[in-house]
Amino acid sequence: MSYAATLPAPGAPDFQGAVARRCDTTGLSVCLTAERFIKFNAVAAVVFLLLGGIAAILLALTRWQAVHLLRVDWFYRILTFHGLNMLIFWILFFEVAVLYFACTVPLKSRLFSPKVAWLSFAMMLSGAVMVNVVILQGKADVLMTSYLPLLAHPLFYLGIILVAVGTLIGVFNFFATLYVAKRDRTYEGSIPLVTFGALAAAIIAVVTLLHGAIVMIPTFTYSMGWTAQPDPMWYRMIWWGLGHQSQQVNVCAMVAIWYLIANLSTGAKPVNETVCRGAFVLYILFINLASAHHLLVDPGVGATWKIWNTSYAMYLAVLASMIHGFTVPASVEVAMREKGHVKGLFGWVMSAPWRNPAFAGFVLSVLIFGFIGGITGVTLGTQQINIIAHNTLRITGHFHATVVGGTTLAFMAVTYYVIPLIFRRDFIWRGAARLQPWLFGGGILLVSLGMSFAGSLGVPRRDYDIEPAGIFGPAAHLFLGVMGVGAILAVIGLLLFVLLCVGTILFGESNAGRPMADWGTAQAQVGSRAGSLADDHWAMKGTIALTAVFLAAFAVYYFANWKALADVWPVR
Amino acid sequence: MNNETKEPLLKRLMDNPWLLLVLGVLVPLLSYTLWGWIELALIKPALLP
């Protein structure tokens, strides 16, 4: 039997309740199979987020030297647990949910195969549970990176292989759906930008998961005693093809979500589709090379390889981030000005729908990712500067800004639409929901800054106890305290998010048959007209001013780091 | 006579997910993985003291 991607027309006998439903808020057709697996993957993602969040507070209260909560063995155990749950499980499950949404709803298509979706979900879930059980049994205190010759229980590697292959199967379902949707012409012209962003994420995921398979299969067979130990330097290089690239999948998914929330909350449309898509193409081609950052002090690979991959080709991906960093707020500004919010340079900012937690979370995600994560990432990824920062808490401060302040916050923000639109329940405790992004975003900002400044003073990452070194003064301890306070705030924000999600799914009022309760969207002033500023390049002057501030901050930070490097060998 | 206007190359690239997939896999595999793998493979064994 040939598979047809086309959804039945609204009103057809198998439309409601069988194959598809019409969304009461957006009017879009929703494939019920895709909806089911979006729910499964999103719920699993939030469970792993909760587990990783509990681990996070235990770790922060241990690195906060004045508290120093955990015993040494449990510190490394929980650090392993935290890394895998937050960086791999929470993110990958949510990304599969995003992929299933992006290939069906915007394209008016069915999901290619429920059987494939089941297989993917079962493999991912069993693998993640296997990994977590083995870690908590104390049989895999090897940290997330599991660098050889450290060796964990074979089920640890097998679990990661299951998660990687399961995700790859989910990605296959995404590509297969794209293929049949195009073949059956469920849409006209190019795929929507949100789907294009998800496509970029899926392509990067293929590269990522291939590296995962290449490195984990021989490590698994070694742990079983079947083969010799893989070369540790080779292991590090291939592992980072999994470890760092998986975070680039996040970046693409996060940016796609930025465009989606900008549209849902303000009606923003990309200021230039070709430029935005071109930026995603730069991600597809070049962002994976950033994995080389982790090997900048490795002796095995040469300077040419390091500099090409981190400081030349990689900058094309940085260019892509800066393009998105401009076009996303610019699209919001144009939309707001077209609605009549034209006062001064930043009147549109003041009139934006700040009471909408999705909008607030999205803006905080853009700011934290760009100003903190982006600037520190490019600077720390420079080979010469990296030598004064490698393996310090500065690195941890950087990726908590990108992955947590950027990606996790964006994923949380879009959930304020996912649950009402996909689970069809209106959020409970809407006041608390409006506070949540600020609590989590503010907390993670403090975590990132605390780590970064402590790292600047030389505090190492992944270190249980800095006191025996006897070289860290009160300033380092102060910044570790800032990190600890931030972690408490962020984890309260995370727990509130989980409580809101679970409470809403269980007890939220059903919105079936009516539009979801409005979080607050940008309102049009009398006399305003959509599309009126399409050819007015100065309509984005506020964003241009913000971009100038960003570039100035970038220049100052970059200069300060070269100065700090020069101070390593003062010539007088 | 064919009067159809051919779409720009960049647009055709962006509308072709399979070509993007091939390029997206090839570029990092060549630039990061293969090149790095060759560099590691060419390291001479250290002499024992």
Side-chain angles (χ1 to χ4, degrees), chain A residues 103 171 174-175 178-179 182 189-191 195-196 199-200 202-208 210-211 214 231-238 240-241 244-245 248 273-274 276-278 280-281 283-292 295 298-302 304-306 308-310 312-314 316, chain B:
Chain A
C103 69
V171 171
F174 169 84
F175 278 111
L178 278 192
Y179 172 75
K182 174 105 176 162
S190 305
I191 56 176
T195 309
F196 193 79
L199 168 67
I203 292 171
I204 294 168
V206 170
V207 189
T208 303
L210 281 177
H211 281 85
I214 293 170
D231 177 65
M233 278 199 300
W234 173 87
Y235 176 95
R236 282 169 61 81
M237 190 188 71
I238 305 295
W240 280 112
H244 198 102
Q245 292 182 15
Q248 315 301 7
E273 280 263 351
T274 306
C276 298
R277 284 168 198 263
F280 277 119
V281 172
Y283 276 159
I284 290 170
L285 298 180
F286 300 111
I287 202 166
N288 278 337
L289 311 181
S291 306
L295 309 182
D298 275 35
V301 278
T304 313
W305 180 89
K306 290 173 183 173
W308 165 258
N309 279 302
T310 60
Y312 281 87
M314 172 60 197
L316 294 168
Chain B
M1 199 177 104
N2 186 5
N3 287 328
E4 280 183 22
T5 315
K6 216 170 183 183
E7 289 185 321
L9 185 66
L10 187 60
K11 178 160 181 3
R12 277 186 285 153
L13 169 69
M14 289 175 183
D15 284 342
N16 189 337
W18 315 113
L19 184 56
L20 286 173
L21 176 62
V22 170
L23 291 173
V25 172
L26 265 184
V27 171
L29 274 184
L30 292 175
S31 179
Y32 175 84
T33 315
L34 193 62
W35 183 2
W37 201 325
I38 291 170
E39 291 222 355
L40 292 180
L42 292 179
I43 297 174
K44 291 177 184 162
L47 296 173
L48 290 173

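These numbers come from a predicted model, not from an experiment. Protein chains get the first letters and strands the later ones, always in sequence-line order, with residue 1 at the start of each.
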How would you list, in number order, the residues of residues 14-24 of chain B that have a heavy atom less than 4.5 Å from chain A? B:Met14, B:Asp15, B:Pro17, B:Trp18, B:Leu20, B:Leu21, B:Leu23, B:Gly24
Contact winner vs chain B - A:Asn288, A:Ile238, A:Leu285, heavy-atom pairs under 4.5 Å: A:Leu285
Pairwise side-chain contact, B:Tyr32 with A:Leu295, heavy-atom cut-off 4.5 Å (strictly under): yes
Between A:Trp240 and chain B, which part of the residue has a heavy atom less than 4.5 Å away: side chain, backbone, both or neither? both
Can you tell which of A:Asp231, A:Leu289, A:Ile204, A:Ile191 has the highest number of heavy-atom pairs within less than 4.5 Å of chain B? A:Leu289
At a 4.5 Å cut-off on heavy atoms, which part of B:Leu42 comes close to chain A: side chain, backbone, both, or neither? neither
Write down the atom of B:Glu39, the atom of A:Gly302, and the distance for their closest heavy-atom approach. OE1-N, 2.5 Å
Cut-off 4.5 Å, heavy atoms of chain B, and the answer for A:Ala292 is both
Flag yes if more than 12 heavy atoms outside A:Phe175 fall under 6.0 Å of its CZ atom; otherwise flag no. yes
At a heavy-atom distance under 4.5 Å, which candidate from A:His211, A:Lys306, A:Met237, A:Gln245 has the highest pair count against chain B? A:Met237
Step-by-step side chain to side chain contact (heavy atoms under 4.5 Å, CB included) determination, B:Trp35 to A:Val301: CA-CA 9 Å; B:Trp35 183 2; A:Val301 278; over 6 Å; no
What distance do B:Thr33 atom OG1 and A:Leu210 atom CG have between them, rounded to the nearest 0.5 Å? 9.5 Å
For the atom pair CD1 (B:Ile43) and CH2 (A:Trp234), what is the distance rounded to the nearest 0.5 Å? 14.5 Å
Heavy-atom contact with chain B under 4.5 Å, split by part of A:Tyr283: neither
For A:Thr304, is it the side chain, the backbone, both, or neither that has a heavy atom closer than 4.5 Å to a heavy atom of chain B? both
